[in-house]
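The structure appears below as structure tokens.
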Number of protein chains: 2
Amino acid sequence: MKVTFLGTSSAVPTKDRSLTSIALVMDGEYLLIDAGEGTQRRIIEAGLGFGRLNRIFITHLHGDHFLGLFPLLQTMGILRRTRPLEVFSPPGLGALIDSLAKHASFRVDFPLKLVEFSSEAKFEFKKYTVKVFPVEHGDTPTFGVKVVERPKPGKLDVELADRLGVPPIMRGLLKKGIPVRLPDGRVVSPEEVVGPPRPGKTVVYSSDTRPTERVIQEATEADLLIHDATFTSDLADRAEATGHSTVEEACEVALKARAARLALTHFSARYKEEDLREIEDRARVIFPNAFVARDLMAIEL
Amino acid sequence: MKVTFLGTSSAVPTKDRSLTSIALVMDGEYLLIDAGEGTQRRIIEAGLGFGRLNRIFITHLHGDHFLGLFPLLQTMGILRRTRPLEVFSPPGLGALIDSLAKHASFRVDFPLKLVEFSSEAKFEFKKYTVKVFPVEHGDTPTFGVKVVERPKPGKLDVELADRLGVPPIMRGLLKKGIPVRLPDGRVVSPEEVVGPPRPGKTVVYSSDTRPTERVIQEATEADLLIHDATFTSDLADRAEATGHSTVEEACEVALKARAARLALTHFSARYKEEDLREIEDRARVIFPNAFVARDLMAIEL
């Protein structure tokens, strides 16, 4: 799974940081979580393209997390998309799309399936599942997102298969769990040459939130926790007042969840590049596998 | 007057070109024409700031010309704007802002005055006037914009004023057209030392349009004509089908209007930087004072 941070600024963009959006690429297709203004431009810059993008999850209806969706939909239309797109959002997005269609020259000509959720929900797809769960961000209904990749087939031991005389053309069947009969009559079962299924990766995104038990619970032993880190602890009161977390609080959440890695994101525009380097150093004292997410940074899990 | 091109791509942004927006700065305040996605980020990059921006004109409700307005309004609110903002638009924008307030967590907390126009209109301000006039862009009501700076007071001939014994403190009165009485009793009239009022600059923006007589008429002897140049003439049929102009058509309009300069803009995403250089060369054969507008290019008139 490849995670690309398309925007890492909170509320207001900076010269270097665009508004929130995260792309998760899995096996030839990808999904977005949030789509702040500038998302489509970052998609172009990241070289991800628009064709394989088939699902978008919006965590809450604050402008910096969804106002890039409409221009993105427009671009998909201009590019003559025919492939369906699924959009998942707290209630309100559908009414906004209708309103744009009614009051502006804005049409979505490709199949758009909109799913609005107002409480915890789990969505099952072929390659992964997505759970949305409530977090704490003031009066605005806001959801964390947990993406769990489905287990992948085990690895075929090519050397062993060769030694057993399995022709290369039969390897695919074994990988799919199907026994094969060799030209000399012997039968080779998948268990002989294919390892155990490999667990899929788990990524949890907190969205905008105060530190909560629920995020700790969902992120337990996750491969990657992406957490709101709008302020540093000297502005803890502002974090509390605005429904955000400090860098230090995000680290504590990751520590309690025993997450493998922590991506800090959604930084206030007040922090400059040198501040972010200092923030990363300070975070690693609490949680050694923490890092500061930067626009267009891509990490492989 | 300073004109800054904040976005020069049509429909879809590119790595180098953001969506349409033009800033006109005059004497300490400024206005925007159009606000495609990414406008606020370009404002930051151009160093223009948000405080002095007090008027925004939207030429038509195609997404690439207005979807950056909502994130811009949100940012102004976050920056605790108290100064009023005036927005002028074809009908529909007010309903969209209401819809955002109703269905999303989107509020405009500062005084926003929205003026919707559906036909030709002229707006008078202290330092300039703005006329909006209909152009030809398919089924979508679309307006060109003509900004005329008010005449400025003539220049004071400092050497002459000194020779006549005018104390420096009295120069301001003369500039404002008020006669002054010198310490020795002599009266100096403004006409003696101040030149004739200097005409203000005129900028005309065609918005998205086929070449039309109306633009030629409005842009007659303009200091700057900014014209749709979405395609080159080999794609003249696409320009016609989509309600746009070719580079060559834009040059013809500028030529007929006897505009002083022509800024070509709104280029299709298919054109790369090397294409734009070639486009500029070709345009200058038809209209020598033509240039290709680029993101963040600023020109003084």
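A, B, ... follow the sequence lines: proteins, then strands. Residue 1 opens every chain.
His103(B) is not listed as a side-chain neighbour of Asp98(A), based on a closest heavy-atom distance of 4.5 Å or more. Annotation: side chain of Leu96(A) is in contact with side chain of Leu100(B) (closest heavy-atom distance under 4.5 Å). Side-chain atoms of Ser105(B) and His60(A), non-hydrogen and from C-beta on, never get closer than 4.5 Å to each other.
For Pro90(A), no part lies under 4.5 angstrom from a heavy atom of chain B. Only the backbone of Arg17(B) comes within less than 4.5 Å of a heavy atom in chain A; its side chain stays farther off. Using a 4.5 Å cut-off between heavy atoms, Thr39(A) contacts chain B through its backbone alone, with no side-chain atom that close. Both the backbone and the side chain of Ile44(B) come within less than 4.5 Å of a heavy atom in chain A. Of the atoms belonging to Ser10(B), not a single heavy atom falls under 4.5 Å from chain A.
Among Thr140(B), Leu73(B), Leu61(B), the residue with the largest count of heavy-atom pairs under 4.5 Å with chain A is Leu61(B). Annotation: maximal heavy-atom pairing with chain B below 4.5 Å, among Leu79(A), Ile78(A), Leu93(A), occurs at Ile78(A). Ranked by heavy-atom pairs under 4.5 Å with chain A, the list Pro71(B), Gly63(B), Gly92(B) is led by Pro71(B). For the set Glu37(A), Arg42(A), Glu45(A), the entry with the most heavy-atom pairs within less than 4.5 Å of chain B is Glu37(A). The candidate from Lys15(A), Arg41(A), His62(A) with the greatest count of non-hydrogen atom pairs under 4.5 Å with chain B is Arg41(A).
Residue-environment remark: CZ (Arg270(A)) exceeds the threshold of 12 foreign heavy atoms within 6.0 Å. Crowding of Asp139(B) atom CG: a count of heavy atoms from other residues, nucleotides or ligands under 6.0 Å not exceeding 12. For CG of Asp237(B), the number of neighbouring non-hydrogen atoms (other residues, nucleotides, ligands) closer than 6.0 Å is greater than 12.
Distance CG/Leu67(B) to CG/Leu69(A): 10.0 Å, rounded to 0.5 Å. The distance from atom CZ of Phe70(B) to atom CZ of Phe66(A), rounded to the nearest 0.5 Å, is 9.5 Å.
Nearest heavy-atom pair, Ser99(B) versus Ser99(A), reported as atom, atom and distance to 0.1 Å: OG-OG, 3.0 Å. Counting all heavy atoms, side chain and backbone alike, Thr75(A) lies closest to Ala11(B) at OG1-O, 4.2 Å. In this structure, Asp64(A) and Gln74(B) approach most closely via the heavy-atom pair N-NE2, 3.4 Å.
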